[in-house]
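Residues: numbered from 1 along the sequence shown.
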Amino acid sequence: MRFIRNGVIPVFSTIIFAFFGLLLTGLPGYNIVTTLDGQPITGAPTPAQVDAMISQGKRMDSHVDFYGVVLPGEPLFWTIGIILVAAFIGYKLGSAFKIPAAA
């Protein structure tokens with residue numbers, strides 16, 4: 001019983017909450033926006049457009065738009081961060097069922 005409460009429950013809780021974090025990044029309000037000199041562009045640019053933008057000195061960037069809130073920085077880092085925070089929350093909730101070691 002101790003193995004299940006101290007080991008299995010926290011691990012499964014971590015996995016389930018990490019999956020919830022992954023689902024959070026798939027919600028309709030989680031959008032990765034590509035910008036050209038700060039102006040959002042629709043769709044993905046073609047390689048020819050990218051070469052033309054670079055030759056003109058324009059800057060391409062991207063950010064995450066989460067239900068209208070612009071999250072600065074790389075979208076990949078935000079995605080990884082959301083999944084890690086959700087997994088940490090799952091671990092802490094699963095750890096609440098741990099049995100302390102007998103003295």
Side-chain angles (χ1 to χ4, degrees):
M1 185 65 172
R2 176 174 286 177
F3 172 72
I4 292 173
R5 290 186 69 171
N6 288 356
V8 175
I9 291 175
V11 168
F12 280 125
S13 178
T14 301
I15 292 169
I16 289 169
F17 272 76
F19 181 70
F20 287 155
L22 187 62
L23 289 178
L24 183 68
T25 62
L27 290 174
Y30 185 90
N31 300 309
I32 296 175
V33 179
T34 304
T35 60
L36 176 63
D37 280 340
Q39 299 298 322
I41 57 174
T42 57
T46 64
Q49 289 174 325
V50 172
D51 291 338
M53 288 179 222
I54 291 172
S55 66
Q56 294 172 2
K58 294 184 178 180
R59 185 171 157 248
M60 287 188 67
D61 198 14
S62 60
H63 64 271
V64 173
D65 177 28
F66 188 71
Y67 289 101
V69 177
V70 176
L71 304 176
E74 291 294 322
L76 177 65
F77 298 150
W78 278 106
T79 302
I80 292 171
I82 288 169
I83 294 170
L84 288 177
V85 167
F88 180 74
I89 291 169
Y91 174 76
K92 291 306 257 182
L93 288 175
S95 294
F97 296 102
K98 283 187 173 182
I99 299 173

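Listed for the S13 side chain is a donor-acceptor partner under 3.5 Å among the backbone atoms of G90. Side-chain atoms of D61 never come within 3.5 Å of backbone atoms of T35 as a donor-acceptor pair (strictly under, hydrogens ignored). In this structure, W78 contributes its side chain and P72 its backbone to a donor-acceptor pair below 3.5 Å.
No side-chain heavy atom of D65 sits under 4.5 Å from any side-chain heavy atom of V69. Two residues are said to be in side-chain contact when any heavy atoms from C-beta on lie closer than 4.5 Å; Y30 and Y67 fail this criterion. With contacts defined as side-chain heavy-atom distances shorter than 4.5 Å, the pair N6/I99 qualifies. Side-chain contact between P10 and K98: present, with at least one pair of heavy atoms (C-beta onward) separated by less than 4.5 Å.
Residues F66 and L24 share a closest heavy-atom pair of CZ-CD1, 4.2 Å.
The aromatic ring centroids of F20 and F17 lie less than 6.0 Å from each other.
One distance of note links CD1 of I82 with CG of L23; it measures 12.0 Å at 0.5 Å rounding. I32 contributes atom CD1, which lies 8.5 Å from atom CG of L76 (distance to the nearest 0.5 angstrom). Here T14 contributes atom OG1 and I89 contributes atom CD1; the two are 11.0 Å apart, rounded to the nearest 0.5 Å. With values rounded to the nearest 0.5 angstrom, Q56 atom CD is found 11.0 Å from D51 atom CG.
In the hydrophobic clustering of ILVMFWY residues, with side-chain heavy atoms under 4.5 Å counting as a link, F19 and I16 come out together. Hydrophobic clustering (ILVMFWY, side-chain heavy atoms < 4.5 Å, transitive): V85 and L93 are in one cluster.
A 6.0 Å sphere centred on CZ of F3 holds no more than 12 heavy atoms belonging to other residues, nucleotides or ligands.
The hydrophobic side chain of V33 is isolated, with no ILVMFWY side chain under 4.5 Å apart from it.
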